[in-house]
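To start, the structure itself, in structure tokens.
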Amino acid sequence: QVQLVESGGGLVQPGGSLRLSCAASGRISNSFVMGWFRQAPGKEREFVGGMSWSAGTTYYADSVKGRFTISRDNAKNTVSLQMTSLKPEDTAVYYCAAGAGVFRRIPDRLAPYDYWGQGTQVTVSS
């Protein structure tokens with residue numbers, strides 16, 4: 001089993017920055033793919049970005065490309081999501097996810113991810 005715990009959410013003004021962290025524990029493998037998703041009220045959960053844990057390659061949704069950056073700390077088994085130039089439409093619950101399969105590219109759908117965190121609220125408002 002794998003446990004994922006997100007932290008770092010909060011209230012931020014438009015144009016501001018916020019850094020989310022995802023602490024992973026349990027049977028973590030270097031072959032995992034780590035993803036960040038978000039879900040706004042009344043909307044479906046959507047892909048934000050992902051990273052191959054071993055290779056460090058990343059892939060982002062168009063809506064956040066250039067503003068959000070995913071990084072990892074292998075020693076601490078953490079994955080972070082640095083968010084800048086935040087907009088009100090970025091308001092959502094943000095989830096960290098881990099996929100244990102073998103992928104040719106970082107998946108941007110929910111199904112390939114096996115483990116999920118509990119989510120952390122991000123609110124962008126003045």
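All values below come from the heavy atoms of this structure, side chains included, with hydrogens, waters and symmetry mates left out.
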Is the centre of the Tyr60 ring less than 6.0 Å from the centre of the Phe47 ring?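 No: the rings miss the under 6.0 Å criterion.
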My understanding is that only residues two or more places apart in sequence, or in another chain, count here; which of them pass side-chain hydrogen bond (donor to acceptor under 3.5 Å, both in side chains) with Thr57?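 Partners of Thr57 under the side-chain hydrogen bond (donor to acceptor under 3.5 Å, both in side chains) test: none.
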For Tyr59, all residues meeting side-chain hydrogen bond (donor to acceptor under 3.5 Å, both in side chains), sequence neighbours excluded: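 Only Arg105 meet the side-chain hydrogen bond (donor to acceptor under 3.5 Å, both in side chains) criterion with Tyr59.
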Steps toward side-chain contact (heavy atoms from CB on, under 4.5 Å) verdict (Trp36, Val79): CA-CA 9 Å; Trp36 284 97; Val79 175; 3.6 Å; yes
If Ile, Leu, Val, Met, Phe, Trp and Tyr residues are connected whenever their side-chain heavy atoms lie under 4.5 Å apart, and connections chain through other members, are [X] and [Y] in the same group?
X      : Y      : value
Phe103 : Leu110 : yes
Leu18  : Phe37  : no
Leu4   : Phe32  : yes
Tyr113 : Tyr95  : yes

Taking atom CZ of Arg72 and atom CE of Met34, what is their separation to the nearest 0.5 Å?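 Answer rounded to 0.5 Å: 11.5 Å.
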With rounding to the nearest 0.5 angstrom, report the CZ to CE distance, Phe68 to Met83.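 Result: 5.5 Å between the selected atoms.
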How would you list all residue pairs meeting disulfide bond (SG atoms under 2.5 Å apart) that involve residues 24-122, not counting sequence neighbours?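 Only Cys22-Cys96 qualify under disulfide bond (SG atoms under 2.5 Å apart).
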Using atom types as modelled and distance alone, determine if a side-chain donor or acceptor of Arg67 lies under 3.5 Å from a backbone N or O of Ser85. yes
Could you go step by step and tell me if Thr123 and Ser125 meet the side chain to side chain donor-acceptor pair (under 3.5 Å) rule? CA-CA 6 Å; Thr123 302; Ser125 175; over 6 Å; no
Quick one: do Asp90 and Lys87 make a salt bridge, cutoff under 4.0 Å?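 Not counted as a salt bridge, because no side-chain N and carboxylate O are separated by less than 4.0 Å.
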